*Asks:* 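Sharing a structure, written as C-alpha cells. Questions coming.
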Amino acid sequence: MTEEIQSKKNQHPADGQQRVVIVGGGLAGLSAATALLGRGVSVDLIESRRQCGGRAASFEDSEDGSLVDACQHVAMGCCTNFLDLCEQTGLGRFLRRDRTLWFIGPDGSRSACTPATWVPAPLHLVPLLFGMNHFSFLEKAALAWGMVRLAVRQKMSDGDTELTAAQWLHSRQPERVIQLFWQPVIESALGESIDLVGISAVRKVVVDGFLAHPKAADLLVPTEPLGEIFGEKLVAWLRGQGVAVHSGRAVTGIQYDESGKATGVVCGQDLVVADAVVLAVPWRAAKRLVPKLLPPVDESFVGSPITAVHLWFDQKIFDLPHAVLVGRVSQWIFQGEEENSVSSEKSCRAPAKEVEHHCQVVISASRGICDGDRNELLETVVNELQEIFPKARGARLMRSRIVTDPTAVLSVRPGIESVRPHATTPVENLFLAGDWTQTGWPSTMEGAVRSGRQAATQLLKMTDMKAECVVKDLHKNAFIRLLVGQ
Ligand SMILES: Cc1cc2nc3c(=O)[nH]c(=O)nc-3n(C[C@H](O)[C@H](O)[C@H](O)COP(=O)(O)OP(=O)(O)OC[C@H]3O[C@@H](n4cnc5c(N)ncnc54)[C@H](O)[C@@H]3O)c2cc1C
C-alpha cells in the first residue's frame with residue numbers, strides 16, 4: 001500500500017470534510033474527481049493500473065521508448081463535456097481542431113469536406129455532404145435527405161423491437177451511400193457494425209454530431225500521446241488541486257454498514273473509509289464489485305473490438321492530417337505527429353539510425369478481422385495504402401504493430417439504453433460512472449466524462465450541495481429544435 005493511502009485509511013480528513021473515494025482512474029473517474037474540486041469534499045482516486053487514463057492509453061515504443069497511443073482517439077466538436085474538461089484542466093492546448101474532414105473514395109479521389117460557419121444549421125452541412133467527390137449529385141441528395149428523415153424520428157422500431165441501423169438504412173438509402181458513408185461513419189462513431197447498432201444511437205450521431213451546430217462535426221485530435229495528456233498531465237493537475245491519486249492499487253470489495261450504506265472500499269488487506277464511493281470501472285469490474293446493483297450485465301453488455309494498425313515507414317506516405325478511407329478494410333488513417341516522426345532520430349544517439357514516420361490505421365468493429373491472420377491484415381492494409389497514396393509504393397515499411405482491444409467500447413445494440421444503469425444506485429452513497437452507464441451517449445470519451453460529472457452531480461445532491469456538473473450541448477437553433485422535436 002502506498003504511504004499516502006496507508007496514512008489515510010480508516011480516518012476522515014482532519015477538517016471534517018466528507019471523504020469521497022473514486023474507484024477507477026479512466027476518464028470517468030478523472031472527470032468525477034475534477035467535478036468534485038472546490039465542493040468541500042476530500043477526494044481519493046484509486047486506480048488498479050500503474051497509470052491512469054484507462055482505455056485512453058499509450059504504450060511505450062520498444063524501439064525508442066516514446067509513448068504511442070494504443071489506438072488513436074478523436075473527439076468531435078459536439079463533445080462539450082470532454083472539451084470543457086480539457087479547457088478546465090489546461091489540456092485544451094493538446095487538441096488540434098480539424099475543421100476539414102478528408103474522405104478518400106474507392107477510386108482514390110480526395111474530398112476536402114468543410115462545414116460552413118457562415119450559414120445557420122443545418123445548411124452548414126451542404127459543403128460537407130456535397131463536397132464528397134465519390135458520390136453523384138443524386139446520391140448526395142439522398143444522403144442529405146436520409147439525415148433529415150432520421151432526425152425527424154422516422155419509424156425506429158418494428159413492433160417493440162428497435163431497428164438496427166442496417167434495417168433502417170436498407171429500405172431508405174441507396175446501397176452505395178450506405179457502404180461509402182453510413183457504414184464508415186457509423187462504425188467509427190459508435191465502434192460497432194451497422195448490422196448490430198440500434199438506429200437510435202445512429203440518430204444521436206446524426207443530430208448531435210452533424211446537424212446540430214456548424215462546429216459539431218469538427219474533429220479534435222490529440223497532439224500528444226494520450227498517456228501523457230491524461231495519465232500524466234491530468235493526474236499532475238488533479239494532485240496539484242489536492243486530489244490524492246493512488247495508482248497501482250486494485251479495489252477488491254466495497255464495505256457496507258448494517259443499514260446498507262457504503263463505508264469504504266477494500267484494497268487488498270486494507271479498508272479505505274469513505275462517506276461516498278464513485279465506482280468508475282468497466283462493467284465487468286463493476287459486476288465483480290457490486291453484482292446486486294447492476295442489471296444482468298452478462299446478457300445485456302457486449303463489447304465491440306477496435307483495431308489499430310501502427311506502421312512505421314522510412315518516409316511520410318501521405319500529406320494529410322487524417323483521412324476517412326471509404327469502401328476499404330482500413331477505415332481511418334492518422335498521420336503521426338511531426339515530433340513523433342522525428343523522435344526516433346532525436347532520441348537515438350547513433351547517427352546511422354534512420355528516421356521513421358509513424359502513421360496509424362484504425363478499424364472499428366473489427367470483429368472477424370482481429371481474430372484472423374495478422375500478416376494477412378497487415379498486407380491488406382499496406383496494399384490499400386499503396387493503392388491510395390503513390391508515396392506508399394516507394395516507401396519501405398520498417399516495422400508495424402497491430403493492437404486490438406476486443407472490448408474497446410460498449411456495443412450500442414437495440415434496446416441497450418433501457419438497461420444502462422444510472423449514476424445513482426439503491427445504495428444511497430454509492431454512485432456509478434463509466435462510458436457504459438446511462439449517459440445518453442455512446443461509449444466514448446465524452447460519454448465517460450459525462451458519466452463522471454453525472455455521478456458528481458448526484459453525489460453533491462446527496463450532500464445538499466446542489467450543483468449541475470454536466471455542461472450543455474452545443475446550442476441548437478430554433479429550426480433544428482423543431483426538426484428534431486426538442
Ligand atoms: C481502441 C479504442 C479506441 C477508441 N477510440 C475512441 C475515440 O476515437 N473517441 C472516443 O471518444 N472514444 C474512443 N474510445 C473509447 C474511450 O476510450 C472510452 O470510452 C473511455 O476511455 C472510457 O473511460 P472510462 O473511464 O469509462 O473507462 P476505462 O477507461 O476503462 O477506465 C476504467 C478504469 O478503472 C480501472 N479499474 C478497473 N477495475 C479496478 C479496480 N478493481 N480497482 C481500481 N481500478 C480499477 C481500470 O484500470 C481503468 O483505468 C476508444 C476505446 C478504445 C479501446
Side-chain angles (χ1 to χ4, degrees), residues 21-33 44-59 69-76 78-79 81-83 85 95 187-192 205 209 219-222 226-227 229-231 235 245-254 265-268 272 277-290 303-309 322 331-332 334 360 362-366 370 402-410 412 432-437 439 441-452 454-455:
V21 172
I22 298 172
V23 184
L27 281 169
L30 294 167
S31 121
D44 282 70
L45 184 147
I46 306 177
E47 162 59 42
S48 58
R49 291 194 209 150
R50 226 163 21 94
Q51 204 183 34
C52 288
R55 275 168 278 161
S58 311
F59 61 83
D69 291 343
C71 182
Q72 176 76 52
H73 278 51
V74 294
M76 290 173 77
C78 58
C79 298
N81 284 274
F82 172 74
L83 296 178
L85 173 78
L95 297 174
E187 291 187 355
S188 51
L190 298 175
E192 183 54 287
V205 174
L219 212 60
L220 279 301
V221 187
L226 296 166
I229 300 179
F230 303 119
V235 168
V245 180
H246 317 277
S247 52
R249 300 289 311 159
V251 167
T252 50
I254 311 286
V265 304
V266 182
C267 241
V272 184
V277 175
V278 176
L279 202 54
V281 296
W283 71 83
R284 279 191 195 79
K287 186 192 153 202
R288 282 193 295 276
L289 292 169
V290 290
S304 182
I306 300 181
T307 296
V309 181
H322 70 260
Q331 293 170 345
W332 281 77
F334 293 92
Q360 196 184 142
V362 177
I363 307 166
S364 295
S366 58
C370 61
I402 299 178
V403 183
T404 294
D405 187 329
T407 51
V409 291
L410 174 68
V412 279
L432 294 176
D435 63 350
W436 56 282
T437 60
T439 59
W441 274 71
S443 180
T444 51
M445 297 189 286
E446 170 69 10
V449 170
R450 272 182 189 244
S451 74
Q454 283 180 186

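In each ligand, atom 1 is the first atom listed, and ligand 1 is the first ligand listed. Since this is a predicted model, take the numbers as computed values, not measurements.
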*Asks:* Identify the protein heavy atom lying closest to atom 30 (O) of ligand 1, giving its residue, its atom name and the separation to 0.1 Å.
*Replies:*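 It is Arg55 NE, 2.9 Å.
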
*Asks:* Between Leu30, Ile306, Val409, flag the one that comes closest to atom 15 (C) of ligand 1 by a heavy atom.
*Replies:*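 Nearest heavy atom to atom 15 (C) of ligand 1 lies in Val409.
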
*Asks:* Identify the two heavy atoms, one from Val278 and one from Ala455, that lie closest to each other, and give their separation to 0.1 Å.
*Replies:*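 Heavy atoms only, the tightest pair is CG1-CB, 4.0 Å.
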
*Asks:* Evaluate Cys71 for polar contact with ligand 1, using N/O atom pairs at a separation under 3.5 Å.
*Replies:*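 No, no N or O pair falls under 3.5 Å.
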
*Asks:* Going by distance only, is there an N or O of Asp405 that falls short of 3.5 Å from an N or O of ligand 1?
*Replies:*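 By distance alone, the answer is no.
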
*Asks:* Pick one of side chain, backbone, both or neither for how Arg288 approaches ligand 1, counting any non-hydrogen atom pair under 4.0 Å.
*Replies:*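 Within the 4.0 Å criterion, Arg288 makes no contact with ligand 1.
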
*Asks:* Among all protein non-hydrogen atoms, which one is nearest to atom 34 (O) of ligand 1, and what is the separation to 0.1 Å?
*Replies:*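 Its nearest protein heavy-atom neighbour is Gly24 CA, 3.4 Å.
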
*Asks:* What are the atoms of ligand 1, with element, lying closer than 4.0 Å to any heavy atom of Gly26?
*Replies:*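 Answer, ordered by atom number: 25 (O), 29 (O), 31 (O), 33 (C), 49 (O).
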
*Asks:* How does Ala285 reach ligand 1, by side chain, by backbone, by both or by neither, if only non-hydrogen atoms under 4.0 Å count?
*Replies:*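 Side chain only; the backbone of Ala285 stays clear of ligand 1.
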
*Asks:* Which heavy-atom pair separates Ala448 from Leu27 by the least distance, and what is that distance?
*Replies:*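 In this case the closest contact between Ala448 and Leu27 is CB-CB, 3.9 Å.
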
*Asks:* Using a strict 4.0 Å cut-off to heavy atoms of Ala250, name the atoms of ligand 1 that fall inside it.
*Replies:*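 Every atom of ligand 1 under 4.0 Å from some heavy atom of Ala250: 42 (N).
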
*Asks:* Among all protein heavy atoms, pick the one closest to atom 52 (C) of ligand 1 and tell me residue, atom and distance.
*Replies:*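 The protein heavy atom lying closest is Ala408 CB, 3.6 Å.
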
*Asks:* Note the single closest protein heavy atom to atom 9 (N) of ligand 1, along with its residue, its atom name and the distance in Å.
*Replies:*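 Scanning the protein heavy atoms, the shortest distance from atom 9 (N) of ligand 1 goes to Val74 O, 2.8 Å.
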
*Asks:* Could you say whether the N/O atoms of Met445 and ligand 1 ever approach to under 3.5 Å?
*Replies:*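 N/O-N/O distance below 3.5 Å exists for this pair.
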
*Asks:* Using a 3.5 Å cut-off on N or O atoms only, is Val251 in polar contact with ligand 1?
*Replies:*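 Min N/O separation from ligand 1 is below 3.5 Å for Val251.
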
*Asks:* Contact between ligand 1 and Gly447 is defined here as a heavy atom of the residue under 4.0 Å from a ligand atom; is it met?
*Replies:*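 Gly447 does not count as a contact of ligand 1 under the 4.0 Å cut-off.
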
*Asks:* Do the side chains of Ile46 and Val21 get nearer than 4.5 Å, heavy atoms only?
*Replies:*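 Answer yes - side chains close enough.
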
*Asks:* Any donor-acceptor pair under 3.5 Å linking the side chain of Thr439 with the backbone of Ser451?
*Replies:*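 Answer holds: no.
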
*Asks:* After noting the C-alpha distance and the side-chain angles of Thr444 and Met76, does the key distance pass the side chain to side chain contact (heavy atoms under 4.5 Å, CB included) rule?
*Replies:* CA-CA 10 Å; Thr444 51; Met76 290 173 77; over 6 Å; no

*Asks:* Give the residue and atom name of whichever protein heavy atom lies nearest to atom 50 (C) of ligand 1, and the separation in Å to one decimal.
*Replies:*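 Here the closest protein heavy atom is His73 NE2, 3.2 Å.
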
*Asks:* Would you check the N or O atoms of Val23, main chain and side chain alike, for any that come under 3.5 Å of an N or O of ligand 1?
*Replies:*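 Between Val23 and ligand 1 (N or O atoms, distance only) the closest approach is not under 3.5 Å.
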
*Asks:* Taking N or O atoms only and a 3.5 Å limit, does Glu47 qualify as a polar contact for ligand 1?
*Replies:*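 By distance alone, the answer is yes.
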
*Asks:* Looking at side-chain heavy atoms only, is the closest gap between Arg55 and Cys71 below 4.5 Å?
*Replies:*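 No, too far: nothing below the 4.5 Å cut-off.
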
*Asks:* Suppose we measure from atom 25 (O) of ligand 1 to each protein heavy atom; which comes out shortest, and what is that distance?
*Replies:*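 Checked against all protein heavy atoms, atom 25 (O) of ligand 1 sits closest to Ala28 N, 2.9 Å.
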
*Asks:* Counting each atom of ligand 1 from 1 as listed, which ones have a heavy atom of Gly434 under 4.0 Å away?
*Replies:*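 Within the 4.0 Å cut-off of Gly434, ligand 1 contributes 26 (O).
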
*Asks:* Would you say Arg249 contacts ligand 1, with heavy atoms under 4.0 Å as the rule?
*Replies:*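 True for this residue.
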
*Asks:* Examine distances only and state if a side-chain atom of Glu446 and a backbone atom of Ala75 form a donor-acceptor pair shorter than 3.5 Å.
*Replies:*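 Not a single qualifying donor-acceptor pair exists.
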
*Asks:* At under 4.0 Å between heavy atoms, which part of Ala280 makes contact with ligand 1: side chain, backbone, both or neither?
*Replies:*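 The answer is the backbone.
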
*Asks:* Heavy-atom distance to atom 26 (O) of ligand 1: which of Val266, Leu27, Asp435, Val449 wins?
*Replies:*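 Shortest heavy-atom distance from atom 26 (O) of ligand 1: Asp435.
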
*Asks:* Report the member of Gly248, Cys52, Ser48 with the shortest heavy-atom distance to atom 36 (N) of ligand 1.
*Replies:*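 Comparing heavy atoms across Gly248, Cys52, Ser48, the nearest one to atom 36 (N) of ligand 1 lies in Ser48.
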
*Asks:* For Ala250, is there any backbone N or O sitting under 3.5 Å from a side-chain donor or acceptor partner on Ser48?
*Replies:*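 A pair under 3.5 Å: no.
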
*Asks:* Do Trp332 side-chain atoms and Gln360 backbone N/O form a donor-acceptor pair below 3.5 Å?
*Replies:*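 No: the side chain of Trp332 does not pair with the backbone of Gln360.
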
*Asks:* Given Thr307, which of Val403, Val362, Ile402 fulfils the side chain to side chain contact (heavy atoms under 4.5 Å, CB included) condition?
*Replies:*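 That would be Ile402; it is the only one of Val403, Val362, Ile402 passing the side chain to side chain contact (heavy atoms under 4.5 Å, CB included) with Thr307.
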
*Asks:* Give the atoms of ligand 1, by number and element, whose distance to some non-hydrogen atom of Ser443 is under 4.0 Å.
*Replies:*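 So the atoms of ligand 1 that pass are 15 (C), 19 (O).
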
*Asks:* Does the pair Asp435 and Leu410 meet the rule for a side chain to side chain contact (heavy atoms under 4.5 Å, CB included), with working shown?
*Replies:* CA-CA 8 Å; Asp435 63 350; Leu410 174 68; 5.7 Å; no

*Asks:* Using modelled atom types only, decide if a donor and an acceptor are shared between the side chain of Ser247 and the backbone of Arg50 within a distance under 3.5 Å.
*Replies:*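 Side chain of Ser247 to backbone of Arg50, a donor-acceptor pair under 3.5 Å: yes, one is there.
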
*Asks:* May I ask whether Ala75 has any heavy atom positioned less than 4.0 angstrom from an atom of ligand 1?
*Replies:*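 The answer is no, since Ala75 has no heavy atom less than 4.0 Å from ligand 1.
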
*Asks:* Distance-only, no hydrogens or angles: does the Ser58 side chain make a donor-acceptor pair with backbone N or O of Gly227 under 3.5 Å?
*Replies:*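 Checking the backbone N and O of Gly227 against the side chain of Ser58, a donor-acceptor pair under 3.5 Å is found.
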
*Asks:* Under 3.5 Å, side chain of Asp405 to main-chain N/O of Thr407, donor-acceptor pair present?
*Replies:*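 Yes; at least one donor-acceptor contact below 3.5 Å.
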
*Asks:* Please report which non-hydrogen protein atom sits nearest to atom 23 (O) of ligand 1, along with the residue it belongs to and the distance in Å to one decimal place.
*Replies:*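 It is Ala448 CB, 3.4 Å.
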
*Asks:* With heavy-atom distances below 4.5 Å as the criterion, would you say the side chains of Asn81 and Trp441 are in contact?
*Replies:*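 Result no, sub-4.5 Å side-chain heavy-atom pair not found.
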
*Asks:* In terms of atom number and element, which parts of ligand 1 are under 4.0 angstrom from non-hydrogen atoms of Ile46?
*Replies:*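 Under 4.0 Å from Ile46, ligand 1 has these atoms: 43 (C), 44 (N).
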
*Asks:* Run the side chain to side chain contact (heavy atoms under 4.5 Å, CB included) check on Phe82 and Leu95 step by step: do they pass?
*Replies:* CA-CA 11 Å; Phe82 172 74; Leu95 297 174; 4.0 Å; yes

